[in-house]
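Data first, discussion second: the structure below is written as structure tokens.
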Amino acid sequence: MSASSSPPSRPVVTRFAPSPTGFLHIGGARTALFNWLYARHYGGKFLLRIEDTDKARSTKEAIDAILDGMRWLGLDWDGHEYYQSQFWARHAELAHRMLDRGQAYRCYMTHDELAEQREAAQRERRPFRIDSPWRDVTEEQGAKPFVIRLKAPRDGETVIDDQVQGRVTVQNAEIDDFILLRSDGSPTYMLAVVVDDHDMGVTHVIRGDDHLNNAFRQLAIIRAMGWPEPTYAHVPLIHGPDGAKLSKRHGALGVDAYRDELGMLPEAVDNYLLRLGWGHGDDEIISRDQAIEWFDLPQVGKSPSRFDFKKLENLNGHYIRDADDQRLADLVAQRRSLSPEQIALLVRAMPELKSRANTITQLAENADFLFATRPIHVDHAASALLTPDARLLLAATRQNLASLTNWDAASLEAGIREVAEASGVKLGKLAQPLRAALTGQTTSPGIFDVLALLGRDESLDRIADQMEPKE
RNA sequence: GGCCCCAUCGUCUAGCGGUCUAGGACGCUGCCCUUUCACGGCAGAAACACGGGUUCGAGUCCCGUUGGGGUCACCA
């Protein structure tokens with residue numbers, strides 16, 4: 001488990017570099033979190049760069065969703081966000097510099113020629129690696145279109161001391177002469193990241209495992225430029241419950257969906273993501289401050305982990321129980337458009353409500369009985385409770401409660417126990433129909449609290465609504 | 001397929017040669033609490049993929065097998 005690693009010897013600068021072609025999904029969020037945590041732990045900087053090189057696929061909505069998602073998760077970046085597309089000229093300039101130095105070359109191969117090589121390799125069952133006849137040609141070939149390719153080293157090997165994966169070695173023969181500048185003059189991702197990371201002073205590149213192979217290509221550019229090499233840390237990917245790469249059906253949803261649809265609290269998502277692939281002894285509930293204090297790369301696991309909604313939900317339930325009542329009420333209010341009076345009621349009910357919910361969505365549903373208008377809808381299971389006998393009991397209960405001078409939980413409990421005793425039934429026999437009448441459901445907060453919350457008039461009326469058998 | 005990486009309960013993980021008859025958490029089962037449902041408390045079932053080494057001693061180190069993942073674009 002011990003990747004060869006050492007504390008940083010220079011001021012830390014990390015970055016998160018999403019491409020705005022979709023929303024900020026959960027894997028990206030974890031990458032961002034690790035980068036953020038690492039920078040904060042070492043008192044460094046955490047930068048944000050939007051990789052909008054692919055103009056066709058980049059959208060304003062996606063950019064906003066990413067920024068919004070990061071803010072929600074509390075991952076603040078230092079300074080303004082960078083946009084990769086702003087540095088095109090710089091990228092092209094450097095590609096040409098490498099060309100001038102003989103570290104890159106103009107390749108005039110056509111798609112057909114390339115395809116031919118690929119097929120030949122396939123026929124002979126040997127690995128395909130581009131072999132351009134232009135590798136050592138320095139003269140320009142008139143106006144024919146060309147791309148600029150890196151003249152990658154062909155001998156020796158490249159070693160990366162990855163902070164997570166350990167020492168990884170690749171034969172240079174495996175690295176092909178990949179494209180730096182496209183025929184339309186635009187930079188490829190491979191060139192752009194390297195240049196931007198260098199220009200932004202990034203010291204630690206913490207990203208998904210899927211980039212490990214790219215790191216060797218990028219290193220080739222860095223060495224050609226003679227720039228300092230960043231420290232790499234390739235974090236294993238997050239998989240779906242079935243072990244396959246996390247896809248939409250698994251939960252590679254935008255973080256906005258975790259907030260809006262699943263009803264998660266940001267601290268729960270952060271905590272869950274932190275524990276996915278990283279651990280600190282037996283600790284499960286980890287505050288932001290503890291995370292900053294404890295987080296480091298050596299403890300990051302090397303194997304991919306599966307996303308477990310159940311555990312996230314449990315964690316979310318923990319944070320809900322921990323959360324401030326007013327905050328929770330506001331969150332529910334956003335989903336239900338409540339009046340100030342209703343929100344005030346919700347805040348009072350919150351202590352009872354929040355121990356019963358693992359998500360804000362559930363919390364909102366559980367609170368609905370408070371705001372239902374008479375006659376309230378009684379669900380199937382609840383109406384089954386309202387037998388003729390039960391309705392009679394309800395009438396007796398109502399009469400007793402109506403005579404109460406104090407409408408608080410303690411008085412109500414005394415009153416109801418009195419009725420139960422007088423009628424010779426157990427409390428449960430009475431409480432359940434009462435619950436059905438008051439909430440329309442078979443589960444709810446404690447029945448005395450429900451009565452107190454609803455108030456005398458509303459409670460009495462709801463009971464009255466159910467006293468007579470319905471036709 | 002080539003290259004790279006990974007491998008402890010169903011899942012997330014602790015474990016960094018002896019304290020491991022392998023610990024915690026989620027989930028699951030049972031019990032307690034109890035007006036329902038939760039919360040909470042207690043108890044339980046549940047794992048070192050396999051085979052070789054190294055060592056006095058291996059979950060921990062090495063090799064292989066198997067399994068899984070990643071990557072092989074004028075995408076990022």
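Across all strands, His234(A) comes closer than 4.0 Å to no nucleic acid atom at all (heavy-atom distances). Across all strands, Thr21(A) comes closer than 4.0 Å to no nucleic acid atom at all (heavy-atom distances). Using a 4.0 Å heavy-atom cutoff across all strands shown, Phe128(A) reaches no nucleic acid atom at all. If you check every strand for non-hydrogen atoms under 4.0 Å, Asn358(A) touches nothing. The residue Ser19(A) sits close only to the backbone: its heavy atoms come under 4.0 Å of sugar-phosphate atoms, none of a base. No engagement by Gly208(A) is indicated, since no non-hydrogen atom pair under 4.0 Å with the nucleic acid exists. Among the heavy atoms of the strands lying under 4.0 Å from Arg306(A) are primed sugar atoms or P, OP1, OP2 only; no base atom is included. Residue Pro445(A) is classed as a base contact, given a heavy-atom separation below 4.0 Å to a base. Note on Arg129(A): nothing from the nucleic acid sits closer than 4.0 angstrom, heavy atoms only.
Comparing G10(B), C4(B), A38(B) by their closest approach to the side chain of Val170(A) singles out C4(B). With U35(B), A76(B), C74(B) as the choices, the nucleotide that has an atom nearest any side-chain atom of Arg149(A) turns out to be C74(B). Of the listed nucleotides (G2(B), G24(B), U36(B)), G24(B) has the atom at the smallest distance from the side chain of Arg275(A). Across G24(B), C4(B), C26(B), the shortest atom-to-atom separation from the side chain of Glu284(A) is found for G24(B). Taking only side-chain atoms of Leu237(A), from C-beta outward, the nucleotide of G70(B), C12(B), C3(B) with the closest atom is G70(B). When the nucleotides C6(B), U35(B), C26(B) are ranked by their closest atom to the side chain of Lys302(A), C6(B) comes out on top. Listed nucleotides C3(B), U35(B), G27(B) differ in distance to Glu174(A); the shortest reach to its side chain belongs to C3(B). Comparing C39(B), A7(B), A76(B) by their nearest atom to the side chain of Ser355(A) picks out C39(B). With distances taken from any side-chain atom of Gln165(A) to the nucleotides C5(B), A7(B), A76(B), the minimum falls on C5(B). Minimum atom distance to the side chain of Arg356(A) is reached by A38(B), of the listed C26(B), C6(B), A38(B).
For the C1' atoms, the distance linking G44(B) with G52(B) amounts to 37 Å, nearest Å. To the nearest whole angstrom, the two P atoms, one in G68(B) and one in U11(B), are 14 Å apart. Comparing A45(B) with G10(B), their P atoms sit 15 Å apart, to the nearest whole Å. The same atom, C1', is picked in A25(B) and in G64(B); the two are 35 Å apart, to the nearest Å. Taking the P atoms as reference points, U54(B) lies 44 Å from A73(B), given to the whole Å. Only the P atoms considered, C61(B) is 14 Å distant from A14(B), to the nearest whole Å. Straight-line distance between the P atoms of G15(B) and C28(B): roughly 27 Å, to the nearest whole Å. A distance of about 8 Å separates the C1' atoms of A49(B) and U66(B), rounded to the whole Å.
The distance between atom CG of Leu212(A) and atom P of C72(B), rounded to the nearest whole Å, is 12 Å. Between Lys354(A) atom NZ and G40(B) atom P the separation is 13 Å, expressed in whole Å. Atom NE2 of His318(A) and atom C1' of C26(B) are 14 Å apart (whole Å). Put simply, CG on Asp210(A) is 15 Å from P on G69(B), counting in whole angstrom units. One interatomic measurement links the two molecules: CD1 of Ile179(A) to P of A76(B), which rounds to 11 Å at whole-angstrom precision. Per the geometry, OH belonging to Tyr108(A) stands 15 Å off C1' belonging to C74(B), to the nearest Å. Here the C1' atom of nucleotide G1(B) and the CD atom of Glu119(A) are 17 Å apart, to the nearest Å. The interatomic distance linking Glu313(A) (CD) with C12(B) (P) rounds to 18 Å, in whole Å.
Judged by closest nucleotide on RNA chain B, Val168(A) is the one of Arg118(A) and Val168(A) placed further toward the 5' end. The 5' end of RNA chain B is approached more closely, in terms of each residue's nearest nucleotide, by Ser305(A) than by the other of Ser305(A) and His111(A).
Ring centroids of His25(A) and Phe23(A) are separated by 6.0 Å or more, keeping the two rings apart.
Remark: the Asp282(A) side chain and the G23(B) base include a donor-acceptor N/O pair separated by less than 3.5 Å. Side-chain atoms of Asn366(A) and base atoms of A38(B) include no donor and acceptor less than 3.5 Å apart. The base of C26(B) lies outside donor-acceptor range of the side chain of Lys310(A), with no N or O pair under 3.5 Å. Checked by distance alone, Ser183(A) brings a side-chain donor or acceptor within 3.5 Å of a matching partner on the base of C74(B).
Counting only distance, with no hydrogens or angles, the side chain of Asn316(A) and the backbone of Leu312(A) share no donor-acceptor pair below 3.5 Å. A donor-acceptor contact shorter than 3.5 Å is absent between the side chain of Tyr38(A) and the backbone of His204(A). Using a distance-only test at 3.5 Å, with no hydrogens or angles considered, no donor-acceptor pair links the side chain of Arg106(A) to the main chain of Pro145(A).
G2(B) and U71(B) make up a base pair, with Watson-Crick or G-U wobble contacts both under 3.5 Å. Within the shown strands, nothing qualifies as a pairing partner of G27(B) under the Watson-Crick or G-U definition with both distances less than 3.5 Å. A7(B) is paired with U66(B) under the criterion used here, namely a Watson-Crick or G-U wobble arrangement in which both key atom distances are under 3.5 Å. Summarising the base pairing, U34(B) is matched to no nucleotide, lacking a Watson-Crick or G-U wobble pair whose two defining distances lie under 3.5 Å. Using N1 to N3 plus N6-O4 or O6-N4 for Watson-Crick, or N1-O2 and O6-N3 for G-U wobble, each under 3.5 Å, C16(B) pairs with nothing.
The side chain of Arg417(A) contributes an N or O atom lying less than 4.0 Å from OP1 or OP2 of U35(B). Using a 4.0 Å cut-off, some side-chain N or O of Asn314(A) falls inside it from OP1 or OP2 of G27(B).
Tyr82(A) and Asp196(A) are not linked by any side-chain donor-acceptor pair at a separation below 3.5 angstrom, with hydrogens and angles left out of the test. The closest side-chain donor-acceptor pair between Asp184(A) and Ser186(A) falls under 3.5 angstrom.
Tested against Asp162(A), the residues Arg167(A), His234(A), Lys302(A) include a single side chain to side chain donor-acceptor pair (under 3.5 Å) partner, His234(A).
Under the 6.0 Å distance and 45° angle rule, Arg149(A) does not count as a cation-pi partner of Tyr105(A).
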Walk me through it: do Glu421(A) and Lys426(A) pass the test salt bridge (Lys or Arg N to Asp or Glu O under 4.0 Å)? CA-CA 7 Å; Glu421(A) 206 164 318; Lys426(A) 284 202 194 167; over 6 Å; no

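Under a 4.0 Å N-O distance rule, the pair Lys311(A)/Glu284(A) qualifies as a salt bridge.
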